[in-house]
Amino acid sequence: MAGLRRRAVLGAGLATGVGSALAGCTTAEAPPAAAARQPAAFDPESWDSVRAQFSLDPGIAHFAAFVLAAHPAPVRAAIETHRAGLDTDTHAYLNQGVQREEEVREAAAGYLGANPAEIALTDSTTMGMGLLCGGMRLRAGQEVLTTEHDFFGTHEALRLLAERTGAPVRRVRLYDDPAAATEADMVARLRAGIGPATRLVVVTWVHSSTGVRLPIKAMSTALAEANANRDPADQALLVVDGVHGFAAVDTTVTELGCDFLTAGTHKWLFGPRGTGLLWGRAWAAVAPVIPSFSGAESPGREATPGGYHSFEHRWAAKEAFEFHKAIGRDRIAARIQEQATRLKEGLAGISSVRLVTPKDPAVSAGLVMCSINGMSPNQAVQRLRSEHRIDASVTPYAEPLVRFGPSIVTTPEQVDAVVRAVAALR
Ligand SMILES: Cc1ncc(COP(=O)(O)O)c(C=O)c1O
């Protein structure tokens with residue numbers, strides 16, 4: 001039943017996607033768009049079929065696919081359709097633009113369990129964080145709390161916020177040894193960092209330095225307790241860089257309980273490169289930074305940067321959400337977790353390897369980091385690529401580590417090949 005339902009959903013999604021793009025062709029104002037490339041026959045129940053939707057080189061095991069997405073067939077087809085429409089009669093094709101943008105918001109809202117009106121469309125996680133920190137209204141005396149583990153883009157956005165507002169930004173350390181990180185300890189350390197003047201708490205859902213996943217729900221509960229007797233204008237708001245949990249972990253923003261979440265849709269979702277979103281439920285706290293082209297019709301639209309964009313990519317994000325939904329958010333998260341667990345168990349059994357990411361799936365997601373004795377991460381990654389056709393990455397942090405990201409484009413058999421290849425590195 002589930003399979004039939006998913007197939008039906010996908011069929012409907014693809015039909016709607018192509019249909020809405022082509023719908024414009026039938027009106028006087030809209031130009032004909034070239035036919036989209038037909039996606040290969042797709043069975044969302046089959047992981048082989050899912051992988052076959054990508055043009056990725058099958059001779060390489062793609063364990064760094066989360067860095068920047070390759071486009072699956074429905075996304076490529078939608079991009080081609082929109083590109084052809086824009087190239088054929090640009091001005092007329094734009095007539096459907098507002099409608100297409102709303103369809104992206106609705107698809108994103110369905111994924112997030114959110115209201116479409118609360119979603120701003122961005123180009124990346126970094127843009128969402130920049131819009132938020134650039135527009136956050138802070139009163140004199142209010143301060144910001146973040147952690148030592150965040151992405152450099154977040155720390156830079158907060159440095160600029162401090163420069164603009166004068167608000168102090170403090171950092172807490174949530175764990176000393178990532179492999180031993182626990183939910184209770186991380187929540188306790190964050191709670192201890194919250195002061196009476198803390199207005200903003202900025203964290204990263206899954207650390208791209210260590211693979212540790214934060215217990216966002218428990219952290220939002222801790223904030224709610226701290227906020228209980230505060231005036232709404234003084235309450236601490238929880239801001240999450242969600243990029244490595246988004247489309248990798250099976251949950252919604254309602255379940256997470258945070259106030260804002262920024263994520264690129266061009267990583268684990270395999271959406272169009274150069275797309276992202278910023279969701280929020282406390283928009284009154286933020287002033288727009290880049291002028292919107294939609295006015296104040298909804299907070300999400302008001303926070304969406306105006307100007308003309310690479311629309312063929314932006315509008316095709318809808319098909320990325322539909323592709324993900326057809327496969328199933330739960331199945332994708334389980335597939336990632338299954339492979340990540342297998343990889344961690346394999347790496348932990350190699351005497352020359354130090355596994356950095358916690359084994360516990362409750363405090364980790366798809367990212368798996370390790371170091372290898374007697375070898376720099378760069379050397380290891382180069383040799384995995386040249387000797388074993390395995391693509392991994394090096395973490396861009398003070399302590400560089402070897403990083404793997406099993407996903408829907410990798411397989412458990414490839415995970416085993418990674419373990420054998422790492423064991424063979426001497
Ligand atoms: C935690 C984290 N946030 C943000 C980014 C940047 O994402 P984007 O390209 O969507 O801005 C990265 C890595 O690329 C990251 O690891």
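Indexing begins at 1, ligand by ligand and atom by atom, following the structure's order. Computation of the quantities below employed the complete heavy-atom set of this structure, encompassing side-chain atoms and omitting hydrogens, waters and symmetry-equivalent molecules.
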Contacts of type ring-ring contact (aromatic ring centres under 6.0 Å, His included), residue Trp47, not counting sequence neighbours: none

At what distance, to the nearest 0.5 angstrom, does CD of Gln337 lie from CG of Asp250? 10.0 Å

Carboxylate-amine/guanidinium proximity below 4.0 Å for Glu156 and Arg159: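 Looking at Glu156 and Arg159, the cut-off is met.
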
Pair Thr262, Met127 - check side chain to side chain contact (heavy atoms under 4.5 Å, CB included), show working. CA-CA 8 Å; Thr262 178; Met127 180 187 272; over 6 Å; no

Tell me the ring pair (Phe, Tyr, Trp, His ring centres under 6.0 Å) pairs involving residues 186-214, sequence neighbours left out?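 Sorted result for residues 186-214: His149-His207, Tyr175-His207.
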
Can you give me every donor-acceptor pair (side chain of residues 129-137, partner residue at least two apart or in another chain, under 3.5 Å) with its distance?
{"residue": "Arg137", "atom": "NH1", "partner": "Ala284", "partner atom": "O", "Å": "3.0"}
{"residue": "Arg137", "atom": "NH1", "partner": "Val286", "partner atom": "O", "Å": "3.3"}

Contacts table for ligand 1: protein N or O within a distance under 3.5 Å of ligand N or O, distances only.
{"residue": "ligand 1", "atom": "3 (N)", "partner": "Asp241", "partner atom": "OD2", "Å": "2.5"}
{"residue": "ligand 1", "atom": "7 (O)", "partner": "Thr125", "partner atom": "OG1", "Å": "3.3"}
{"residue": "ligand 1", "atom": "9 (O)", "partner": "His266", "partner atom": "NE2", "Å": "3.4"}
{"residue": "ligand 1", "atom": "10 (O)", "partner": "Thr125", "partner atom": "N", "Å": "2.9"}
{"residue": "ligand 1", "atom": "10 (O)", "partner": "Thr125", "partner atom": "OG1", "Å": "2.6"}
{"residue": "ligand 1", "atom": "10 (O)", "partner": "His266", "partner atom": "NE2", "Å": "2.8"}
{"residue": "ligand 1", "atom": "11 (O)", "partner": "Thr125", "partner atom": "N", "Å": "3.3"}
{"residue": "ligand 1", "atom": "11 (O)", "partner": "Thr126", "partner atom": "N", "Å": "2.9"}
{"residue": "ligand 1", "atom": "11 (O)", "partner": "Thr126", "partner atom": "OG1", "Å": "2.5"}
{"residue": "ligand 1", "atom": "14 (O)", "partner": "Lys267", "partner atom": "NZ", "Å": "2.8"}
{"residue": "ligand 1", "atom": "16 (O)", "partner": "Ser208", "partner atom": "OG", "Å": "2.6"}
{"residue": "ligand 1", "atom": "16 (O)", "partner": "His244", "partner atom": "NE2", "Å": "2.8"}

